[in-house]
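Okay, so here's the structure we're looking at.
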Number of protein chains: 2
Amino acid sequence: MKPITLKDISEKLGISVTTVSKALKGYPDVSKKTRALVKELAETLNYKPNAFAVNLRTEESKTIGLIIPEIVHHFFSSVIKGIISQAEKKGYLVIILQSNESYDLEKKQLDLLVSKRVDGILISLANGTADFKHITDIMDQGKPIVMFDKIAKIVKCSKVIIDDRKAAYTATQHLIDTGCKRIAHFRGPLLPQNSIDRFLGYKKALEDNGMTYDPSLVYIFDDMTFEVGEMFARKILSEHTDVDGIFVNTDLVAIGAITEFNRQGVNIPKDISIVGFSNWFMSSAITPSLTTINQPGFEMGKMAFKQLYRELKAKKKKKQITPKIIELETNLVQRNSTRS
Amino acid sequence: MKPITLKDISEKLGISVTTVSKALKGYPDVSKKTRALVKELAETLNYKPNAFAVNLRTEESKTIGLIIPEIVHHFFSSVIKGIISQAEKKGYLVIILQSNESYDLEKKQLDLLVSKRVDGILISLANGTADFKHITDIMDQGKPIVMFDKIAKIVKCSKVIIDDRKAAYTATQHLIDTGCKRIAHFRGPLLPQNSIDRFLGYKKALEDNGMTYDPSLVYIFDDMTFEVGEMFARKILSEHTDVDGIFVNTDLVAIGAITEFNRQGVNIPKDISIVGFSNWFMSSAITPSLTTINQPGFEMGKMAFKQLYRELKAKKKKKQITPKIIELETNLVQRNSTRS
DNA sequence: GATTTTACCGAAAACGTTTTCGATTTCGTA
DNA sequence: TACGAAATCGAAAACGTTTTCGGTAAAATC
């Protein structure tokens, strides 16, 4: 009933635990004969090293932690998939925690992961996170940590991101190129870096094209939901009847807006053109299909783990780690919510 | 630089490691004074017990494993969220693995989790899984395991499910009640239990209403994708022009079908009515919105963990565990893809 | 004052592994 | 035959915790 241990094998073979361990791990100072004997018995007894003991001895668990603001979300679940698939290839397991966009939870969970002694941490920041001591504390302990998507520019760790500013600029420029004269922006929350950057890209595009930037056309909201999209669509129709283009922070909200515009008989893209962000795969299914910025979630997850893995290996060799910023390419996916 | 240990505290205080441990864990045989002293020092030194050592000593890690066929999926990611949120409340961490609907991977991952010595396992079976020795082997080792959603009736472990047959019956009955005379079924893959049960519910509803069951109206496919929905919609239009109702195995495929029907100028629900399955939240956003069966993913995740937790506790007290089948309620959500 | 009870503490073993380092054996060579 | 080198092995320490069990001192009881 009890699991097989090295001792069991050593007793059955009349040799020491040491030799058994070394045979199994391929040490050179054990004869071919005993090595074969040990390996065979281990096989037939279905020996599995006690991970707890190995962890204690080696001070590593081949497990990493992942903190993400929201799991039920197409982009983030794609990232998770990328991380897990890559981690599995390298023999790492992933513990997932969800911060629910709450700074307090994020902090508590980071603490939990550290106390569980994961080897490293992958994190995408909560919208509410403005202070970063909980992050830098962990870095100071020498535990590798890499951020992705929602990052803090000020923290000196590795990051995997897209150029939100450039992507937003491209999106807005596309609206201008297709004839929009008065362009609104559904911006999302105030704090997170990518929300800021997308806003800046939007503003820059307006200015570069000699259009006046009007703050009243920028809509701020904390919950990025379908319903918020519907609500702001109504707001646009009542407050700013001259708006003929909208750059929306995220596809889900854009789809909410499209649904409401459809309901109100507004013609998309003729009356109002819309560009989203993320290329959430549902965007191709809605009518009209949504022009959007493709954001490579799976790829981002893969890259984030790869970087963490590099740092894990560097740490083992006691090498210095220099933070690295990895920027992934985005592209505009042109569909039917903008004129062509 | 090195983390604080019990020994560090004991030396600074001039007492034994034993007493420090007992003080921290609230044993009665340590005086209030020393207890206070220890707790205070532990606090100021920011002592965190070495999880590896605790695991080794107690033979448990407060970590469970979760194997799921696909992460990027609204229903499953809702389940994950339910599991994680509940686990966190009870102080458990969750390691997530994705089987990609592959039996081989599922087996390998189960093995991996066991060798990492997780306390228990939550699993939703891959479509291809027809043999269950890898599951029963683990149960025989006394490791608690509970299945959810995609289960195997034959395995004697706890399960959290919905009554797929009843739900499918309700869905089909709704099509009949709203006037459909010839109803097709997009069934999905052959093996998994819920695919079978939904098919049986569909068939039973036809028979109970005196309609003939026609096998050529049942479409089988392995990949439950948007594109498959589009493809089968075209097939219906070319092969069975008399079909006026479809019960689809899963919302995503239904939405693909709707998109294709829209494209071909078919009027939904007048020409063809459609009912989906899952109440994937996008179903309310598409035009026409999709009538579907609401499947409580978050709730299912919560319940699955709760049951596993019960078994974990029972095992600790060396109590016998009797497998429990937990059935969650579903309901028909009536929208615009069926007549009213 | 002697004895029992209670309160408090610590030594030591145990969990299973890894790794260092010294010991022993075997072998080839002089 | 003797000696150094190479091959093979194992004792023991270490990782940090938990828990049993016995011991001592103080308090309570007679």
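What you see is a predicted model, and the numbers here were worked out from it, not measured in a lab. Every chain is numbered from 1 and lettered A, B, ... according to where its sequence line falls, protein lines coming before strand lines.
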side-chain N/O B:Tyr47 vs D:dG16 OP1/OP2, d < 4.0 Å = no

side-chain contact (heavy atoms from CB on, under 4.5 Å) partners for B:Glu101, two or more places apart | B:Pro69, B:Ala126, B:Asn127, B:Lys150

Below 3.5 Å is the cut-off: list the nitrogen or oxygen pairs between protein and nucleotides 11-15 of chain D, distance only.
{"residue": "D:dA11", "atom": "N7", "partner": "A:Thr18", "partner atom": "OG1", "Å": "3.3"}
{"residue": "D:dA11", "atom": "N6", "partner": "A:Thr18", "partner atom": "OG1", "Å": "3.1"}
{"residue": "D:dA12", "atom": "N6", "partner": "A:Thr18", "partner atom": "OG1", "Å": "3.2"}
{"residue": "D:dA14", "atom": "N3", "partner": "A:Arg57", "partner atom": "NH1", "Å": "3.4"}

Results of side chain to side chain donor-acceptor pair (under 3.5 Å) for A:Thr19 - residues two or more places apart only | A:Ser16

Could I get the full list of salt bridge (charged side-chain N to carboxylate O under 4.0 Å, His left out) partners for A:Lys81, not counting sequence neighbours?
-> B:Glu70

For A:Tyr103, which residues count as a ring pair (Phe, Tyr, Trp, His ring centres under 6.0 Å) partner, sequence neighbours excluded?
-> A:His134

Side-chain H-bond candidate by donor/acceptor type, A:Glu88 with B:Gln98, under 3.5 Å | no

B:Thr19 or A:Leu6, whichever maps to the more 5' nucleotide of DNA chain C = B:Thr19

Calculate the interatomic distance between B:Ile15 atom CD1 and C:dA11 atom C1'; express it in whole Å.
-> 15 Å

Quick one: B:Ile9 CD1 to D:dG16 P, roughly how many Å, whole number?
-> 13 Å

Within residues 23-36 of chain B, those residues having any heavy atom closer than 4.0 Å to DNA chain D are B:Lys25, B:Tyr27

Could you state the CG-P distance from A:Asp8 to C:dG16, rounded to the nearest angstrom?
-> 8 Å

Using ring pair (Phe, Tyr, Trp, His ring centres under 6.0 Å) as the criterion, list what pairs up with A:Phe76, not counting sequence neighbours.
-> A:His73

Those residues that, when tested against A:Asp131, pass salt bridge (charged side-chain N to carboxylate O under 4.0 Å, His left out) (two or more places apart) = none

For B:Lys25, all residues meeting salt bridge (charged side-chain N to carboxylate O under 4.0 Å, His left out), sequence neighbours excluded | none

